[in-house]
Amino acid sequence: MAGCLIDPSRAPVAFGRRAVPQLFEELQQPEADRRLRALASLCDLMHDPERIYQTVNGAGFLEQLNVLFEDEDSSVRTKTCELLHLMTAHSIGRQALLSSSLLPPLSQLVDDNSSSCRRNVHRVLNRLTLLPAGADALLTLVPKLMLKLRGEEGEEEEEEEVQVLLLSTLSSCSRLDALPALASDGVSLLGHKLSHRSPNIRREAAAVLMALSVCEDGKLQVCEESLLPVLVNLLHDEDIEVQANAAGVIMYTVIITTGKKQCLYLDVIPILLELVSKEEEEEEEKKKKRKSRKALVMYSLRALTALAEAPDGRRRLLEQLPLLLRRSEATEEDHDIRRDAQTAVRVINWRP
Amino acid sequence: MAFVSQSHRAPNESYTFASRPRPVENRSKYREPPSEQTHSNYGNIMYDRRVVRGNTYAQLIIPTTAQPDPVEAQRQQENRRRAIARKRAREQFRPSTPEALQGRKHIDVQTELYLEELSDVIVATDVECQTDAFLDKPATPLFIPAKSGKDVETQIEEGELFDFDREVQPVLEVLVGKTIEQSLEEVMEEEELACLRAQQRAFEELRNNELAEVLRLQEQERRRSEEKGRRIAQQKEVLKKEKETAEKIAARAYTQQYLADLLPAVFTSLRSHGYFYDPVEKDIENHFFPWLMAEVNNSLEKRYTARELLDTIIHDVTRKRLKMFKELETQ
């Protein structure tokens, strides 16, 4: 049975405990073809958490991957990154990747020639950020990733999927610490991305912007770059996630006075009120829709609360008070939304 | 070259030569000196160019179908003429074999001990065979070899070897099972990741929410404290101004009061210091009286001088009298 290969693109797999060590030995062969097949079999095996455990705790397996990163054959490099991608699907894999010395060569591969290899590297980095320590370790890479996002002159920009992955990685890292991204002039770059034609990119760009605008500097930059009109436009977008993220950015930006003034000038209150008061439509998919609507409604309520602190906003919102009262009643199922609405009402009714 | 051959000549026997068969070596056209390496150059005899292949009849045809070169032909004719002349000349001297009779031909035959290879003459024989055209070939009788041994038969009936459906089951199970196992693993992995991401997202949303609230309150606090600071500063300003104004008023009242009775005091003081005077009186005081006093002093001086003189005279007189008296006394 072992003599005949059922699938010619995969190396034969030994039984039981011997599978992973034997495949790793196969990886040391000089022919690229055999290495590729061994990697393909390893990718298949890595879906099982027990195999991942075996790989991670085995002697020196991960260091072999280090050698493979510098292989001349680009498909070997791509497959290695795919293997890492599957390993980081589990927490042990992620932790092992962090504690091993594989991160610097991996970050070198971001500049690789082959685009599929780059894509896989970005997938690995994206999965790594599921772990907060991973996002922490990637903070040093943020300037380089920003550069990649910008695309150098004369070089084509990365494809859409890679851009989405990059933006998602950046948003996870910026949630931990927004300073590196801000220092690389992130806000203006993301402003461009907000008007991209693909909703995925818009959503991720708005998410990064939301993470960046948590800190004071970010808010100021958002106001300076006059991104608020673009964001208000995004509130009318079809994709609900894009709307939610845009509402999030606005929510953070209106906390500072400049933001409040600009938003009031742009007449954003009716739009937010409309978002808050829209009922859920269909019954099916209600759960998923409700989850995503919930974020949107919460962010809009918070933005309205912040806007109510300006006298102009308060005056306008006093007229619309019944709407918010309805949301704050006990009939609202969602506890968080009810609390938010009550806060908003309280702020609106505040008198000095 | 390793000759694996033996040849010896027994004194009364013919020469024998025996060698191990060896394949023909591949030698190039222009032969190099033989070296030790020729072992590896053995070639396949089928692909050896020196071996004649194909129809050997064709070897004779080519020279006769070649275009006769006129110069060549002439040369050949001349050669022939010369040869005939030579032959005639020779025939006159020596007897040669008589001419062949009609229908016969003289042919050279080798009779020596050592045969030479005649490379130009290719021995070829034609053999023909032809069946009689009108005779039908009878049918070949069936060749049935003589029977020997026992006749044994065997036949695999249906279901004797194995039952396909039953046997294939474990193989199928393994195949399908492995595939499903793999796909289940992948699906579980993806579900786990999706769960993780959903949980993270829910957490992130709540966190963003609370963070926004926190920041808003922070901002509010900052604004309010700033406002409070400003108002306190303003209030302090106001108080300071008030105090200054009160002090100014007090100072003014005091000064007014102080300066109210300044004027009479000044006049009084000046008067008391003698700044207001009667000029005549002053003049009398300053000029007249000193002169008067001086004059009075002078006259008094004179009197005193006179008195003193008198006193002196009296004193002298009395002294003299005294002296005189004393003289008189003593006398």
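In what follows, every chain begins at residue 1, and chains take the letters A, B, ... in the order their sequences are listed.
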Which answer fits B/Leu215, side chain, backbone, both or neither, if we ask what part of it has an atom under 4.5 Å from a heavy atom of chain A?
both

Residue selection (most heavy-atom pairs with chain A, distance under 4.5 Å) from B/Arg223, B/Glu190, B/Gln218
B/Arg223

Less than 3.5 Å apart, any donor N or O on the side chain of A/Arg203 or A/Asn200 sitting next to an acceptor on the other?
yes

Part of A/Arg339 within contact of chain B (heavy atom distance under 4.5 Å):
side chain

If you count heavy-atom pairs within less than 4.5 Å of chain A, which of B/Met188, B/Arg207, B/Glu204 leads?
B/Glu204

Check whether any side-chain N or O of A/Glu309 sits under 3.5 Å from a backbone N or O of B/Gln220 as a donor-acceptor pair, and report yes or no.
no

Might you work through the side chain to side chain contact (heavy atoms under 4.5 Å, CB included) test for A/Leu228 and A/Leu231, ending with a clear yes or no?
CA-CA 5 Å; A/Leu228 283 168; A/Leu231 289 165; 4.2 Å; yes

Can you tell which of A/Leu45, A/Asp340, A/Thr257 has the highest number of heavy-atom pairs within less than 4.5 Å of chain B?
A/Asp340

Using heavy-atom distances under 4.5 Å, tell me whether B/Glu192 contacts chain A through its side chain, its backbone, both, or neither.
side chain

Is chain B contacted by the side chain of A/Val254, its backbone, both, or neither, given a heavy-atom distance below 4.5 Å?
neither

Heavy atoms only, distances under 4.5 angstrom: which of B/Glu181, B/Glu185, B/Gln182, B/Arg222 has the most pairs with chain A? Name it, please.
B/Glu185

For a quick test of reading the model, state the closest non-hydrogen atom pair linking A/Cys173 to A/Ala135 and the distance between them.
SG-O, 3.7 Å

Heavy-atom pair count under 4.5 Å with chain B, highest-scoring of A/Glu216, A/Arg175, A/Met251
A/Arg175

A/Met46, part contacting chain B, at a heavy-atom distance under 4.5 Å
backbone

Any chance the side chains of B/Asn208 and A/Tyr252 put a donor and an acceptor closer than 3.5 Å?
yes

Begin from the C-alpha positions of B/Glu189 and A/Leu86 and carry the test side chain to side chain contact (heavy atoms under 4.5 Å, CB included) through to its verdict.
CA-CA 9 Å; B/Glu189 195 180 56; A/Leu86 289 170; 4.1 Å; yes

Per-residue tally against chain B (heavy atom, under 4.5 Å) across A/Ala89, A/Ala303, A/Pro49 peaks at A/Ala89

What part of B/Glu186 gets closer than 4.5 Å to chain A, counting heavy atoms only: side chain, backbone, both or neither?
both

Please answer whether the main-chain N or O of A/Leu84 pairs with a side-chain N or O of A/Thr88 as donor and acceptor at a distance below 3.5 Å.
yes

Closer than 3.5 angstrom, by distance alone: can the side chain of A/Arg10 be matched with the main-chain N or O of A/Ser41 as a donor-acceptor pair?
no

